[in-house]
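The block underneath contains the structure these notes are about, expressed in structure tokens.
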Amino acid sequence: MIIAIALVCFAVGFLAAIVIAGNPTRSRKDVVGLSDWLQVVRSDVSSNINSNCWKQQLSTRVIPVANEEDAGLLSKEQVETSYSKDSWQGLAYQDFKTAIMARESGLKTFPCIYATMGYRADEHRYVFLKSDNPAEPQNIRLIAPALRAYLSMSQSLGPNTSLVIVCAPSEKEKTVEEYNNSFWDMLRGLRISDPQPWPKDVPESVESEKWTFCYNGEPVFPVMLTPAHMQRWSRHMSVPIIALQPKWVLDRLLSTPEKREAATGKVRKLLKEYDQIDISPDLTSYGQPGTSEARQLCLLDENESASCPYSNFDR
Ligand SMILES: *[C@@H]1O[C@H](CO)[C@@H](O)[C@H](O)[C@H]1NC(C)=O
Ligand SMILES: *[C@@H]1O[C@H](CO)[C@@H](O)[C@H](O)[C@H]1NC(C)=O
Ligand SMILES: *[C@@H]1O[C@H](CO)[C@@H](O)[C@H](O)[C@H]1NC(C)=O
């Protein structure tokens, strides 16, 4: 039985590796295909052998890493050496890398060029969750210490740093709305587990144009990317991913009107080319009256404005 399980794991992983390796010029469409594939991989595995293959894979193939002080934070090199290429973590990481590097011909430049710079300079830190729903308590218990550790060291990582929170592949297809709910519930869970009071200088009302999510007393900018975004490719990944920057990263990037103009101009131009849909009406400048940063975090896959299920994270 054990051998059978191992064989299935191997075959599944091997096939997935072929899917990726055999597609040097894949477009975002293929990436959409990859998330379907990951889904199949998962449901196949669970229905065929009725045992948690992924867990086994984790325990047998993943070398435990003594890393950023046991908070589960991995550098790209640690991700590459800790997870085999055919594990879901390895596949998800590879897909993320391919999307933001977009080196191969046939791929369009990823619009968030600062994410690409951050990746190249090894300023990202990664944390992998146990399921596709970041709001589950088992995942909050991973994210909270990782985020605390990350924020305390983020200044030392570089000007384009991000924390990349990678969820496991979904077992069945989910909608943007379902991912949206789990994203907001995750923020709520983080807020509940946050030992620090909400900072005095940040409004609590989510609708305020000066609102921004805070953790451990520090403003952060978490963005949700999902397998369900089919038009807004800039928000698409084969597994759900939350990319989070400390707000100081954005503040530096946009510190003068000239810098702001240059940075937003570049990103918006690339967004137009990359996405199959108009730039979201929610992508507004922070602090502009009548807008709220909350609307930018999980964008709709439609040409419409989103809102946030919470009006105040402390109530
Ligand atoms: C990182 O971000 C800063 C702006 O905050 C930018 O000026 C710089 O060129 C970026 N890239 C690298 C590779 O540091
Ligand atoms: C998207 O919405 C804006 C207004 O909110 C509108 O001006 C624009 O034409 C819309 N784009 C498409 C492709 O429907
Ligand atoms: C997320 O949920 C809120 C509240 O239910 C809703 O207003 C918003 O449009 C949703 N966003 C997305 C991207 O589905």
Side-chain angles (χ1 to χ4, degrees), residues 76 100-101 109-124 133-135 154-162 170 173-188 205-207 211 213 219 221-237 240-243 245-268 270-284 286 288 290-313:
K76 67 179 175 186
I100 72 166
M101 295 296 282
T109 306
F110 191 70
C112 188
I113 48 178
Y114 304 98
T116 309
M117 291 178 192
Y119 176 85
R120 282 215 185 100
D122 199 16
E123 296 172 5
H124 289 176
N133 181 351
S154 71
Q155 299 267 2
S156 69
L157 290 172
N160 298 299
T161 182
S162 286
S170 295
E173 204 169 303
K174 288 191 173 175
T175 60
V176 171
E177 200 181 337
E178 285 172 291
Y179 289 120
N180 174 55
N181 291 338
S182 59
F183 169 75
W184 286 106
D185 290 347
M186 171 200 76
L187 293 187
R188 172 72 169 166
S205 167
V206 169
E207 283 305 309
W211 178 87
F213 189 71
F221 186 73
V223 159
M224 184 74 188
L225 302 109
T226 83
H229 281 85
M230 295 298 181
Q231 304 198 78
R232 214 173 281 296
W233 283 358
S234 54
R235 296 290 174 114
H236 179 94
M237 283 290 158
I241 283 184
I242 297 117
Q245 280 106 43
K247 278 286 287 230
W248 65 256
V249 168
L250 300 171
D251 293 344
R252 269 191 215 174
L253 200 58
L254 311 170
S255 57
T256 64
E258 295 74 31
K259 279 191 186 173
R260 172 180 292 271
E261 185 89 359
T264 55
K266 256 184 250 166
V267 171
R268 288 181 79 89
L270 289 169
L271 267 180
K272 255 191 211 136
E273 290 164 9
Y274 196 77
D275 285 349
Q276 309 298 300
I277 186 171
D278 274 1
I279 292 179
S280 165
D282 291 328
L283 290 186
T284 50
Y286 173 70
Q288 206 175 296
T291 68
S292 161
E293 187 167 281
R295 297 170 188 273
Q296 301 193 19
L297 307 186
C298 184
L299 296 177
L300 283 165
D301 202 28
E302 287 135 48
N303 186 26
E304 274 167 36
S305 181
S307 51
C308 156
Y310 296 100
S311 56
N312 182 321
F313 278 89

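Keep in mind that the numbers below use all heavy atoms, side chains included, and drop hydrogens, waters and symmetry copies. Note that ligands are numbered from 1 as they come in the structure, with each ligand's atoms numbered from 1 the same way. Bear in mind that the values here come from a model prediction, so they are computed numbers and not experimental data.
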Exercise. Below 4.0 angstrom, N of the basic side chain to O of the carboxylate: do E304 and R295 qualify?
Worked result: no
For this session: Output all residues satisfying salt bridge (charged side-chain N to carboxylate O under 4.0 Å, His left out) with D122, sequence neighbours left out; order by chain, then residue number.
Result: R125
Problem set entry | Contact check, side chains of L283 and V267, non-hydrogen atoms, under 4.5 Å | no
For this session: Flag the pair W211 / N312 as yes when at least one side-chain heavy-atom distance between them is below 4.5 Å, and no otherwise.
Result: no
For this session: With heavy atoms of D278 as the reference, note each atom of ligand 2 found under 4.0 Å away.
Result: 1 (C), 8 (C), 10 (C), 11 (N), 12 (C), 13 (C)
Problem set entry | Residue pair S170 / Y179: nearest heavy atoms and the distance that separates them | OG-OH, 2.6 Å
Problem set entry | Donor + acceptor pair across side chains of D282, S305 (<3.5 Å) | yes
For this session: Report the relative orientation of the aromatic rings in Y119 and H124; use parallel for angles under 30°, tilted for 30 to 60°, perpendicular for over 60°.
Result: perpendicular
For this session: Could you name the protein residues that come within less than 4.0 Å of ligand 3, counting only heavy atoms, and order them by chain and residue number?
Result: V176, E177, N180, C298, L299, L300, A306, S307, P309
Problem set entry | Subset of ligand 1 atoms that lie under 4.0 Å from at least one heavy atom of L253 | 4 (C), 5 (O)
Exercise. Which ligand 2 atoms, with their elements, are less than 4.0 angstrom from a heavy-atom of N303?
Worked result: 1 (C), 2 (O), 3 (C), 8 (C), 10 (C), 11 (N), 12 (C), 14 (O)
Problem set entry | Crowding at CD, E261 (>12 non-hydrogen neighbours, <6.0 Å) | no
Exercise. Going by distance only, is there an N or O of Y114 that falls short of 3.5 Å from an N or O of ligand 1?
Worked result: no
